[in-house]
Number of protein chains: 2
Amino acid sequence: MKFSKATDYALHTMLFLTAATPDKPVGVQLLAEKQKVSPTYLSKILTKLVKAGMIESITGVNGGYRLKRNWGDISFLDIIHAIEGSASLFDCSFDHGPDCPIQRVVLAAEEKMEEHLRNKKMSDLVQEMNIVF
Amino acid sequence: MKFSKATDYALHTMLFLTAATPDKPVGVQLLAEKQKVSPTYLSKILTKLVKAGMIESITGVNGGYRLKRNWGDISFLDIIHAIEGSASLFDCSFDHGPDCPIQRVVLAAEEKMEEHLRNKKMSDLVQEMNIVF
DNA sequence: GTTATTATAGATAAATAAAATCCTTAATTA
DNA sequence: TAATTAAGGATTTTATTTATCTATAATAAC
Ligand code: SF4
Ligand code: SF4
């Protein structure tokens with residue numbers, strides 16, 4: 001069980017855009033270079049973020065991606081869900097009802113993690129970004 | 001990101017053994033039947049649990065698997081780690097040091113989940129097991 | 001309007017990982 | 001000795017993730 005690289009790229013891109021000039025769009029070319037990943041692949045990932053309403057894309061010369069106005073509200077969990085979907089980490093093959101102790105424990109554990117990720121917004125990162133990139 | 005089926009099988013087997021007669025070993029044949037999984041595959045998974053010291057195997061006629069004496073202490077996390085390994089859910093490709101906000105947030109979130117899984121012992125399940133299986 | 005630039009989208013390929021099977025060996029009991 | 005059962009190695013199958021290729025659409029600059 002691992003977070004996918006796609007999630008990794010999405011988080012990094014969001015972090016990068018958070019640090020960038022808010023109104024000037026950044027092209028996928030540059031974003032991809034920074035992360036040593038192919039532009040086309042990254043582009044697919046960013047399109048998901050666009051669809052999820054976290055960033056917007058400007059096509060044409062000097063286009064690229066930039067954060068939307070609401071960027072401060074976006075949580076880590078939002079980003080992860082936008083990329084990996086929001087299905088549970090655990091789905092049992094039979095489902096003997098909600099009384100099952102396995103389900104209860106694992107789902108509660110997952111909820112603990114999600115709670116933390118939900119409470120961490122992109123805006124929380126602003127101050128903390130000194131060294132990175 | 002999903003828990004693997006192997007983990008699923010391991011958890012179910014532990015639950016089953018917890019419910020079973022403590023001293024009489026249960027064969028992989030029966031355990032596999034219950035879970036609709038191939039005996040050989042399940043066997044590989046259970047060997048990991050044996051290596052991790054959670055269950056013991058008795059070979060030969062009337063052999064099988066049974067819990068070890070310490071079974072009450074075993075946590076969900078122990079089982080998951082025995083099967084999936086205990087590497088972090090997130091490993092970044094560059095590592096810009098411990099100040100990185102992405103790492104900090106994601107690893108802390110993971111720790112929240114693990115904490116919950118660590119605190120849930122097999123013995124906590126004993127009372128809760130009515131309907132299942 | 002034409003050209004250059006940039007994102008979107010679909011199809012497909014390559015790489016990796018997970019799940020399952022097959023077959024052989026070793027241990028134990030009856 | 002024969003039957004039973006787990007362990008282990010090698011391999012195959014299946015699924016998922018990652019990446020590439022190519023074509024289309026939108027926009028800005030000239
Ligand atoms: S025992 Fe629990 S986890 Fe397993 S199949 Fe039944 S409901 Fe699902
Ligand atoms: S920015 Fe953080 S998560 Fe990304 S590579 Fe650097 S240390 Fe790792």
Side-chain angles (χ1 to χ4, degrees), chain A residues 1-13 17 23-33 35-68 80 82-85 87 89-93, chain B residues 1-13 17 23-33 35-68 80 82-85 87 89-93:
Chain A
M1 190 170 63
K2 283 266 173 211
F3 285 105
S4 69
K5 284 197 183 186
T7 294
D8 186 289
Y9 299 144
L11 289 172
H12 281 81
T13 300
L17 292 180
D23 41 332
K24 202 167 150 33
V26 183
V28 76
Q29 195 63 43
L30 176 61
L31 292 165
E33 233 168 64
Q35 307 183 49
K36 313 262 189 245
V37 59
S38 101
T40 15
Y41 185 43
L42 184 59
S43 155
K44 285 206 185 317
I45 293 163
L46 297 191
T47 299
K48 286 190 183 178
L49 297 183
V50 171
K51 293 238 164 88
M54 296 173 190
I55 59 179
E56 55 191 357
S57 64
I58 296 94
T59 170
V61 179
N62 296 321
Y65 299 89
R66 78 158 88 95
L67 295 174
K68 292 203 90 166
I80 294 170
I83 304 301
E84 311 212 342
L89 299 189
F90 182 80
D91 39 23
C92 62
S93 7
Chain B
M1 192 172 59
K2 282 267 174 211
F3 285 104
S4 69
K5 285 196 183 187
T7 294
D8 186 289
Y9 298 145
L11 289 172
H12 281 80
T13 300
L17 291 180
D23 40 333
K24 204 167 146 41
V26 183
V28 75
Q29 195 63 45
L30 177 60
L31 292 164
E33 232 168 64
Q35 305 183 51
K36 312 263 188 244
V37 59
S38 100
T40 13
Y41 186 41
L42 185 58
S43 156
K44 286 205 185 318
I45 294 163
L46 297 192
T47 299
K48 286 190 182 176
L49 297 183
V50 171
K51 294 239 164 85
M54 295 173 189
I55 58 179
E56 55 191 355
S57 64
I58 296 96
T59 170
V61 180
N62 295 321
Y65 299 89
R66 78 157 89 95
L67 296 173
K68 293 202 90 167
I80 293 170
I83 303 301
E84 311 212 344
L89 298 188
F90 181 81
D91 38 25
C92 61
S93 6

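Numbers restart at 1 for each chain; the letters A, B, ... are given by sequence-line order, proteins then strands.
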Atom pair distance, as rounded to whole Å: [atom1] in [X] and [atom2] in [N]:
| X | N | atom1 | atom2 | result |
| --- | --- | --- | --- | --- |
| A/D8 | D/dA19 | CG | C1' | 16 Å |
| B/L30 | D/dT4 | CG | P | 16 Å |
| B/K5 | D/dT14 | NZ | P | 13 Å |
| A/F3 | D/dT16 | CZ | P | 19 Å |
| A/K36 | D/dA19 | NZ | P | 14 Å |
| B/Y41 | C/dT21 | OH | C1' | 12 Å |
| B/E84 | C/dA18 | CD | P | 8 Å |
| B/K2 | C/dA19 | NZ | P | 12 Å |

Please find the pair of heavy atoms, one from [X] and one from [Y], that lie closest to each other, and give the distance.
| X | Y | answer |
| --- | --- | --- |
| A/L89 | B/M1 | CD2-O, 3.2 Å |
| B/L67 | B/I55 | CD2-CG2, 4.1 Å |
| A/A6 | A/I83 | CB-CG2, 3.8 Å |

Task: Whether B/H12 and A/F90 hold their rings parallel, tilted or perpendicular, with breakpoints at 30° and 60° - done: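 Correct class here is parallel.
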
- [ ] Check for a donor-acceptor pair, side chain of A/S43 on one end and backbone N or O of A/P39 on the other, with a separation under 3.5 Å.
- [x] no

- [ ] For A/T7 and A/F3, indicate whether the former's side chain and the latter's backbone hold a donor-acceptor pair under 3.5 Å.
- [x] no

Open item on the list: For a quick test of reading the model: is some side-chain N or O of B/S38 closer than 4.0 Å to OP1 or OP2 of C/dT21?
Closed with: yes

Open item on the list: Reading DNA chain D from 5' onward, which residue's closest nucleotide shows up sooner: A/A6 or A/V61?
Closed with: A/A6

- [ ] Would you kindly compare A/G63 and A/M1 by the position of their nearest DNA chain C nucleotide and give the one closer to the 5′ end?
- [x] A/G63

- [ ] Could you check whether A/Y9 gets within reach of a base, just the sugar-phosphate, or nothing at all, counting any heavy atom under 4.0 Å?
- [x]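 If one applies the 4.0 Å heavy-atom cut-off, A/Y9 turns out to touch the sugar-phosphate alone, with no base involved.
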
Open item on the list: Is it the case that D/dT5 (base atoms only) and B/T59 (side chain only) share a donor and an acceptor within less than 3.5 Å, ignoring hydrogens and angles?
Closed with: yes

Open item on the list: Would you say that A/E56 contacts A/R66 through its side chain, given a criterion of any heavy-atom pair below 4.5 Å between the two side chains?
Closed with: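 Yes. Closest side-chain heavy atoms under 4.5 Å.
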
Pairs under 3.5 angstrom, nitrogen or oxygen only, protein versus nucleotides 8-11 of chain C, please.
from: C/dT8; atom 1: OP1; to: A/S57; atom 2: OG; distance (Å): 2.9
from: C/dT8; atom 1: OP2; to: A/T47; atom 2: OG1; distance (Å): 3.0
from: C/dT8; atom 1: OP2; to: A/Y65; atom 2: OH; distance (Å): 2.6
from: C/dA9; atom 1: OP2; to: A/K51; atom 2: NZ; distance (Å): 3.1
from: C/dG10; atom 1: N7; to: A/K44; atom 2: NZ; distance (Å): 3.4
from: C/dG10; atom 1: O6; to: A/K44; atom 2: NZ; distance (Å): 2.7

